[in-house]
Colleague: 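Sharing a structure here in structure tokens format.
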Amino acid sequence: KVLVSISQSWYTFHRTSPPIAVDASKQVQSVSFKELPEERVLLIYRRKKLKRTIMVAIDTLKELPQLKDSGFGRPSPRHGLTLLYWFVNDCVHFNANGLMVLQDHPRSKKFGFHRFRNIQVNGDYPLPNENFPYYEVGNLNAPGANALPTYVRKNFTLNQDGNNKDRIIVQMRGDFLDKVYITEHINRRDFGRTHEISKDLITTIKNMTIEDFLLEMGTFERNNHSQTVPPKRSSCCTIL
């Protein structure tokens, strides 16, 4: 299944073989789908002869087993799971209307937050190309990242063993947190497996201790965490 952006609207199509032509909208009279490597689809505008590649749909993780199966934050000493637990419990709250809110906007650059540029790589966008800003956190080398809790940073060894590759990317709509993504940083422009985290999964993680969460993920080491995790508190966010 792929998502196609046509005139700022998203259409969902399923691959077929052989290629088919579809009347997708009044603006685009003919769309051809061809089987391409790396799960890409080529969108061809017949009149303008303009070729565009599009992003593959990002799946949404709704339950803990799906998060575990994604491989995010594993194997040790990667920090993605403790980063996610910190973010969910110390930075995300729901207001009276069920919207996710943050006290400190990510543009404040606290905890190493910085703007994520959703730039095309080999013709594909890493995330949906929308007119709302993205911010990322998780680079332990970033300015401000030393304010992250000890239990998130404790295995950091200057990028050795891939222990600094996990990232959280958020999309903001004004003062509200709209989407949360987890991903793997490969190099300055490329990212690996990317998944959206649902509100239900965020709520599930918020109701767990870090020991129970890491045990569920299969990475719990009692001696390494029992003395490093403080009681739950709202260090960077409040309910608005």
Colleague: Counting C-beta onward and ignoring hydrogens, is there a side-chain heavy-atom pair between Glu196 and Gln171 closer than 4.5 Å?
Modeller: no
Colleague: Please give me the minimum heavy-atom distance between Phe72 and Gly80, naming the atom from each residue.
Modeller: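 For Phe72 and Gly80, the tightest heavy-atom pair comes out as CE2-O, 3.3 Å.
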Colleague: Pick one: which of Val92, Val101, Ile202 meets side-chain contact (heavy atoms from CB on, under 4.5 Å) with Leu177?
Modeller: Val92
Colleague: Counting C-beta onward and ignoring hydrogens, is there a side-chain heavy-atom pair between His79 and Arg153 closer than 4.5 Å?
Modeller: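 Side-chain contact under 4.5 Å: no.
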Colleague: How long is the straight-line distance from NE2 of His114 back to NZ of Lys109, given to the nearest 0.5 Å?
Modeller: 9.5 Å
Colleague: Taking side chain as C-beta onward, heavy atoms only, is Thr203 less than 4.5 Å from Phe94?
Modeller: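 When only atoms from C-beta onward are counted, Phe94 and Thr203 do touch, with a gap below 4.5 Å.
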Colleague: Give the intermediate values and the outcome of side chain to side chain contact (heavy atoms under 4.5 Å, CB included) for residues Val152 and Tyr85.
Modeller: CA-CA 9 Å; Val152 176; Tyr85 184 87; over 6 Å; no
Colleague: Measure across Tyr125 and Ile119 and return the closest heavy-atom pair with its distance rounded to 0.1 Å.
Modeller: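 Looking at all heavy atoms of both residues, the closest pair is CD2-C, 4.3 Å.
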Colleague: For the CG atom of Asp69 and the CG atom of Leu64, what is their distance to the nearest 0.5 Å?
Modeller: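 The CG atom of Asp69 sits 11.0 Å away from the CG atom of Leu64.
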Colleague: Looking only at atom types and distance, does a side-chain atom of Lys165 sit under 3.5 Å from a main-chain N or O of Arg78, one as donor and one as acceptor?
Modeller: no
Colleague: Do the side chains of Tyr181 and Pro128 get nearer than 4.5 Å, heavy atoms only?
Modeller: yes
Colleague: Is the closest side-chain heavy-atom distance between Arg167 and Asn139 below 4.5 Å?
Modeller: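 Of all side-chain heavy-atom pairs linking Asn139 with Arg167, at least one is under 4.5 Å.
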Colleague: List the steps, then state whether side chain to side chain contact (heavy atoms under 4.5 Å, CB included) holds for Tyr151 with Trp86.
Modeller: CA-CA 9 Å; Tyr151 71 90; Trp86 162 78; 3.4 Å; yes
Colleague: Work out which heavy atom in Tyr135 is nearest to a heavy atom in His105; give both atom names and the distance.
Modeller: OH-CE1, 3.5 Å
Colleague: Which heavy atom in Thr194 sits nearest to a heavy atom in Ile58, and how many Å separate them?
Modeller: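 Smallest interatomic distance, heavy atoms only, reads O-CG2, 3.5 Å.
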Colleague: Keeping the roles fixed (side chain from Asn97, backbone from Leu99), state whether a donor-acceptor pair exists under 3.5 Å.
Modeller: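 Between the backbone of Leu99 and the side chain of Asn97 there is no qualifying donor-acceptor contact (under 3.5 Å).
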Colleague: Do the non-hydrogen side-chain atoms of Tyr134 and Leu127 ever get within less than 4.5 Å of each other?
Modeller: yes
Colleague: Please name the pair of heavy atoms, one in Asn164 and one in Gly138, separated by the smallest distance, quoted to 0.1 Å.
Modeller: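 Heavy atoms of Asn164 and Gly138 come nearest at OD1-O, 3.3 Å.
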Colleague: Can you name the closest pair of heavy atoms from Leu84 and Ile182 and give their distance?
Modeller: CD1-CG2, 4.2 Å
Colleague: To the nearest 0.5 Å, what is the distance between CG on Asn129 and CG on Asn131?
Modeller: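 Going from CG on Asn129 over to CG on Asn131, the span is 7.5 Å.
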Colleague: When you check the gap from the basic side-chain N to the acidic O, do Asp200 and Lys62 get nearer than 4.0 Å?
Modeller: no
Colleague: Is a side-chain donor or acceptor of Lys199 paired with a backbone partner of Gly98 at a separation under 3.5 angstrom?
Modeller: yes
Colleague: Applying side chain to side chain contact (heavy atoms under 4.5 Å, CB included), run through Phe113 and Asp104 and close with a yes or a no.
Modeller: CA-CA 11 Å; Phe113 268 104; Asp104 295 306; over 6 Å; no
Colleague: Would you please test Gln66 and Leu201 for side chain to side chain contact (heavy atoms under 4.5 Å, CB included) and show each step?
Modeller: CA-CA 10 Å; Gln66 293 176 329; Leu201 183 52; over 6 Å; no
Colleague: Nearest 0.5 Å, please: how far is CD in Glu216 from CD in Glu63?
Modeller: 11.0 Å
Colleague: Calculate, to the nearest 0.5 Å, the distance between atoms CD1 and CZ belonging to Ile168 and Phe111 respectively.
Modeller: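 Between Ile168 CD1 and Phe111 CZ, I get 12.5 Å after rounding to 0.5 Å.
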Colleague: Side-chain contact test, heavy atoms from C-beta onward, threshold under 4.5 Å: evaluate it for Phe213 versus Thr82 and give yes or no.
Modeller: no
Colleague: Are the side chains of Ser70 and Leu61 in touch, meaning some heavy atoms are under 4.5 Å apart?
Modeller: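 A side-chain contact under 4.5 Å exists here.
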Colleague: State the CG-CG distance between Leu140 and Leu148, to the nearest 0.5 angstrom.
Modeller: 6.5 Å
